[in-house]
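Here the structure comes first, spelled out in structure tokens, and everything after it is commentary.
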Amino acid sequence: QVRLAESGGGLVQAGGSLRLSCAASGRSFSRYAMGWFRQALGKEREFVAAVSASGGNTGYADSVKGRFTISRDNAKNTVYLQMNSLKPEDTAVYSCAANLRSYTGTYSSTSRDYTNWGQGTQVTVSS
């Protein structure tokens, strides 16, 4: 059983930065892809970024491309989301997710492909 725990959320002014972390416990972290999703109040959950098992392949939503960076440290069982140039529209609960069915070198931007989810961390960007 894989358990995920996010940290690093908070309140930041527009233009600021935050780094989210997601620590994983359980099965071999280096064998599966990881993703970040977010859900704003009253809106559907949306894909933010994902990284393959080895960290060699990454993908981003158009809305965050060039501002956010996903990375992972397999030695620490942790995936990160560096968020720069934050905007008020980035305000949401951010959740990390693990895709235990992922194939080597791949990642998914579809939430239903992810098998394990964290509780989420709130990010609020003030204008």
List the atom of [X], the atom of [Y], and the distance in Å for their closest heavy-atom pair.
X: Arg67; Y: Leu86; value: NH1-CA, 3.9 Å
X: Ser85; Y: Ser17; value: N-OG, 4.3 Å
X: Tyr60; Y: Ala49; value: CD2-CB, 3.6 Å
X: Gln119; Y: Glu6; value: N-OE1, 3.1 Å

Using 0.5 Å steps for rounding, measure from the [atom1] atom of [X] to the [atom2] atom of [Y].
X: Glu89; Y: Ser127; atom1: CD; atom2: OG; answer: 10.0 Å
X: Cys22; Y: Phe29; atom1: SG; atom2: CZ; answer: 7.0 Å
X: Trp36; Y: Thr121; atom1: CH2; atom2: OG1; answer: 7.5 Å
X: Asn74; Y: Ser28; atom1: CG; atom2: OG; answer: 10.0 Å

Exercise for the section: Walk me through it: do Tyr32 and Val2 pass the test side chain to side chain contact (heavy atoms under 4.5 Å, CB included)? Expected result: CA-CA 11 Å; Tyr32 49 85; Val2 172; 3.6 Å; yes
Problem - From CA spacing to verdict: side chain to side chain contact (heavy atoms under 4.5 Å, CB included), Ser102, Tyr107 - result: CA-CA 7 Å; Ser102 58; Tyr107 59 83; over 6 Å; no
Answer yes or no: is there a side-chain heavy-atom contact under 4.5 Å between [X] and [Y]?
X: Val64; Y: Arg38; result: yes
X: Thr106; Y: Asn57; result: no
X: Val123; Y: Asp90; result: no

Practice task
Look at the aromatic rings of Phe37 and Trp117 and report parallel, tilted or perpendicular, splitting at 30° and 60°.
Solution key: tilted
Practice task
Evaluate side chain to side chain contact (heavy atoms under 4.5 Å, CB included) for Phe68 paired with Leu81, printing each intermediate quantity in order.
Solution key: CA-CA 7 Å; Phe68 291 12; Leu81 186 67; 4.2 Å; yes
Exercise for the section: Evaluate whether atom NZ of Lys43 has more than 12 neighbouring non-hydrogen atoms of other residues, nucleotides or ligands under 6.0 angstrom away. Expected result: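 No, the 6.0 Å shell around NZ holds no more than 12 heavy atoms from other groups.
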Practice task
Kindly say whether Arg112 contributes a backbone atom to a donor-acceptor pair with the side chain of Thr110 at under 3.5 angstrom?
Solution key: no
Problem - Donor-acceptor contact present, side-chain Tyr114 to main-chain Cys96, <3.5 Å - result: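 No, because the side chain of Tyr114 does not come within donor-acceptor range (under 3.5 Å) of the backbone of Cys96.
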Handout entry: Derivation and outcome, side chain to side chain contact (heavy atoms under 4.5 Å, CB included), residues Leu4 and Met34
Key = CA-CA 11 Å; Leu4 305 174; Met34 294 291 296; 4.0 Å; yes
